[in-house]
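Order of appearance sets the numbers: ligands from 1, and atoms from 1 within every ligand.
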Amino acid sequence: MKGYGVTIAGVGQYAPPGILANKDFEKLVDTTDEWIVQRTGMKRRHIAADHEATSDIALPAARAALEAAGKLPADLDCVVVATATPDYPFPATACILASRLGLVGTPAFDVQVACSGFVYGLTAAAALVRSGVYKTVLLLGAETLSKITDYTDRTTCVLFGDGVGAVVLERSDADCFLGCNLGTDGSDVSALYLPVGGSRNPSGRKGMAGADRGAFIRMQGQSVFKLAVQQMVAATLSALDQAGLAPADVDFLIPHQANLRIIDATVKALKLPVERCVINIQEYGNTSSASIPMALAEAVADGRIKDGQVIVFAAFGGGLSWGAVVWRWKGARARIATQPAAVAKATA
Ligand code: UT7
């Protein structure tokens, strides 16, 4: 098959205006602002309204990315949503979002690899463009983690927030996808999972309603922490090797924002100056698959990321899963949306 180049033509971001600050958690669970800042680097998270689902907050980010790319929804050949918090187990949130963008007949699908969703989605969407299947693809990392967070569990509730990052990928003469490395180890799902709602523990099963705590994220934080650093470093080195590059060639690392200590340890292991790492965890907490494209949008919008630079996207999360993509930046714009979309009429 003939090969084509791919570039990111525009980036968008949207975070809902509702805020949960560290001090707010002092009223909910036995914690302190000091503990949260010292152990995670987080200060605030944006939280969707009760009536908002993932597609509702994805819409403004999608429109922002399209505007930044100078495109209309009709220019899209495909819509991909990376999410661990879909509107429903099915249909795919991408189908709902495509419809909200006014598209009928356009292919749309979700990618579900928890916090690694954006790097997996980017690899898949870039492959669709590079192989010539599609010319223009909208890819989002979109999450409403507040909907599956147990606000009585101090070991997880302080960590998660809601938000969306979006990129428009398009065919290009220059190929900006320089290399990737993806991996999983599904031998212990209990390291990080949502126990109820799938076919193992269906939420409709008799007696399951009483076990409603299973409808929330469960995580063995310490073991996930250690593997996160190891695998993000290993994936980054492998992806750079595939690109024929070394850590010294990296202009910006954009890691998944799970914990400032994980980011610091990753940056240190790669021997990168911390100024070459994009960090916004203090404002958003952990937004799973949305964290990397949200950070990208901010670093492009404020001018840190410039034409020709080498960027590494690196992620780790439930699966367990991990991955890194090496990308050459090619002069795209970013737009941060501030207005929420009108919420769709509830369909169920
Ligand atoms: O995005 C997907 C990937 N996710 C991650 O990469 C997350 C990885 N894990 C982490 O970021 C960290 O492990 C956490 C932030 C979740 C926890 O930090 P930690 O430094 O690993 O704390 P710990 O689990 O070792 O707990 C230390 C203590 C415990 O108390 P005891 O047993 O020593 O008395 C916890 O109960 O801190 C306690 N603790 C808290 N104390 C105050 C746990 N959460 C809190 C809290 N406030 N919110």
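Residues passing the salt bridge (charged side-chain N to carboxylate O under 4.0 Å, His left out) test with Arg44 are Glu283, sequence neighbours excluded. Annotation: side chain to side chain contact (heavy atoms under 4.5 Å, CB included) contacts of Ala114 (sequence neighbours excluded): Gln112.
Within a 6.0 Å radius of NZ in Lys135, other residues, nucleotides and ligands contribute 12 heavy atoms or fewer.
For the residue pair Ser238 / Asp241, no side-chain donor-acceptor distance below 3.5 Å is found, with atom types taken as modelled.
Evaluation of the salt bridge (charged side-chain N to carboxylate O under 4.0 Å, His left out) test over residues 299-312, restricted to residues two or more places apart or in two chains, returns Asp302-Arg304.
Using cut-offs of 30° and 60° on the angle between ring planes, the pair Phe313 and Phe118 is perpendicular.
A heavy-atom cutoff of 4.0 Å around ligand 1 is satisfied by the protein residues Asp30, Thr31, Trp35, Arg39, Thr40, Cys115, Arg154, Thr155, Val158, Leu159, Leu192, Met219, Gly221, Gln222, Val224, Phe225, His256, Ala258, Asn259, Arg261, Ile262, Asn286, Phe316, Gly317.
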